[in-house]
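Before any comments, here is the structure.
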Amino acid sequence: MIDKINRLKEEIEDFDITDAQSLEAFRLEYLSRNGKVQDMFKLMGSVPKDQKAAVGKLMNDVKVLAQERFNREKEKLERAQTKQFGPKDDITIPVEPTYTGSYHPLTIALNEIKQIFLRLGFNIADGPELEDDFHNFTALNFPPDHPARDMQDTFFIRRNDTGSKDDLVLRTHTSPVQIRLMKEKNPPIRSIMPGRVFRNEAVTAKSYFQFNQVEGLYVDRSVTMGELIETLVMFARLMYGSDVKYRVRPSFFPFTEPSIEMDIWWNNENGGQWLEILGAGMVDPNVFDAVGVDSEAYTGFAFGMGVDRIAMLRYGIDDIRLLYDNDIRFLNQFKL
Ligand code: DAH
């Protein structure tokens, strides 16, 4: 009897379990109701009384052994299936490289600009890239014979020369979004409007037929030029560092009066130079009239800046075309 039990024990230990099928065969053979372990217990009846306790213990050990082997093999198979790390896996084997994406330098620059103006209490608005002449020029106080209305400068998509919504252009700046905003809602308005703009320019290292701008507009009762300059200086400090050297010059735009431009001092190998970073001014009353805002009750300031220039300065990119070629070798350099 003892021999029989020991043989069964060995059998259980040596049973070949390699997959789900052999595991199931093991279970049927030993652990099922008609399995060999149950059969073994049936032999208890023929065991002399004085040996019953000892034999019973042996039998029980075999039963436990079979159940434990089953559990262990089952777990092993499951682990192999879900490819989890186990003692048998070599975690030093090199993995297939995975390639992570990266942000485009324009996106990085734009995100920084957005963060700064969100902090200053501006929200974000946008408008269409295909504009009509009214929004892109007329409502912004461009005279009918302004050179920007020339096909040499502007991509006209449909042209009837009415200066109205019949004429379609690829927007030449983000300023038309100001018009849309003011038509849509009443002041106070405090928004920035990022977007892509288009100009009919020869493609060179310095100019391209598309680029990106961020427009700003603040309209309320008694908005002042002082607040405009305060806002722009704050922007320059947050964008370029608190020790940034800047200057503000008078300028001209049809849609602002007075108009200014802001330059920052950019250090380079040759010492440095002034670089224009934005145009700005107080919203011209003619613009308020075009959108039905009471120019007696409200004043406002506006500004517009180029994003490409900021990204190029920041990363030392000397050819604007690189920003639009989408060459992966270029883009991969801008990991955050
Ligand atoms: N729209 C102008 C441009 O593309 C930039 C600009 C200047 C925008 C003055 C403004 C502004 O809002 O007030 O050159």
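Order of appearance sets the numbers: ligands from 1, and atoms from 1 within every ligand.
- Of the N or O atoms in F253, none lie within a sub-3.5 Å distance of an N or O in ligand 1.
- Every atom of ligand 1 is numbered from 1 in the order shown, and the set under 4.0 Å from a heavy atom of T256 is 13 (O).
- For the residue pair T174 and V197, the shortest heavy atom distance occurs at N-CG1, 3.7 Å.
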| field | Pair M59-F41, side chain to side chain contact (heavy atoms under 4.5 Å, CB included): steps then yes or no | value | CA-CA 7 Å; M59 287 184 174; F41 280 110; 3.7 Å; yes
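- For ligand 1, the atoms sitting less than 4.0 Å from at least one non-hydrogen atom of S175 are 1 (N), 8 (C), numbered in the order shown with element in parentheses.
- For T172 and N136, the side-chain atoms include at least one donor-acceptor pair closer than 3.5 Å.
- For the 3.5 Å distance criterion, the side chains of Y298 and N186 fail to qualify, holding no donor opposite an acceptor.
- Residue contacts with ligand 1, taken as heavy atom pairs separated by less than 4.0 Å, do not involve F301 at all.
- Between T172 and ligand 1, not a single N/O pair is under 3.5 Å apart.
- With no hydrogens or angles considered, a side-chain donor-acceptor pair links Y30 and E11 at under 3.5 Å.
- Counting only heavy atoms of the protein, atom 2 (C) of ligand 1 lies nearest to F255 CZ, 3.9 Å.
- H135 and K183 form a side-chain donor-acceptor contact under 3.5 Å, judged by distance and modelled atom types alone.
- If you number the atoms of ligand 1 from 1 as listed, the ones under 4.0 Å from a heavy atom of Q178 come out as 12 (O).
- N123 and S191 are linked by a side-chain donor-acceptor pair at a separation below 3.5 angstrom, with hydrogens and angles left out of the test.
- For ligand 1, the polar-atom distance check against G216 finds no nitrogen or oxygen pair separated by under 3.5 Å.
- Which of E276, M305, R199 comes nearest to atom 3 (C) of ligand 1 through a heavy atom is settled by distance: it is R199.
- Counting heavy atoms closer than 4.0 Å to ligand 1, residue M282 contributes nothing at all.
- Across Q213, H173, E261, heavy-atom proximity to atom 1 (N) of ligand 1 is greatest for H173.
- Contact annotation for A280 and ligand 1: only backbone heavy atoms (N, CA, C, O) come within less than 4.0 Å of the ligand.
- Heavy-atom proximity to G281, at under 4.0 Å, picks out these atoms of ligand 1: 13 (O).
- With a 4.5 Å cut-off on side-chain heavy atoms, F334 and Y103 do not count as touching.
- For the pair R314 and E112, the salt-bridge criterion is met [side-chain N within less than 4.0 Å of a carboxylate O].
- In this structure, E257 falls outside the shell of residues with a heavy atom less than 4.0 angstrom from ligand 1.
- Ring to ring, F253 and F303 are not that close: their centroids are 6.0 angstrom or more apart.
- Of all protein heavy atoms, the one closest to atom 12 (O) of ligand 1 is E215 OE2, 2.5 Å.
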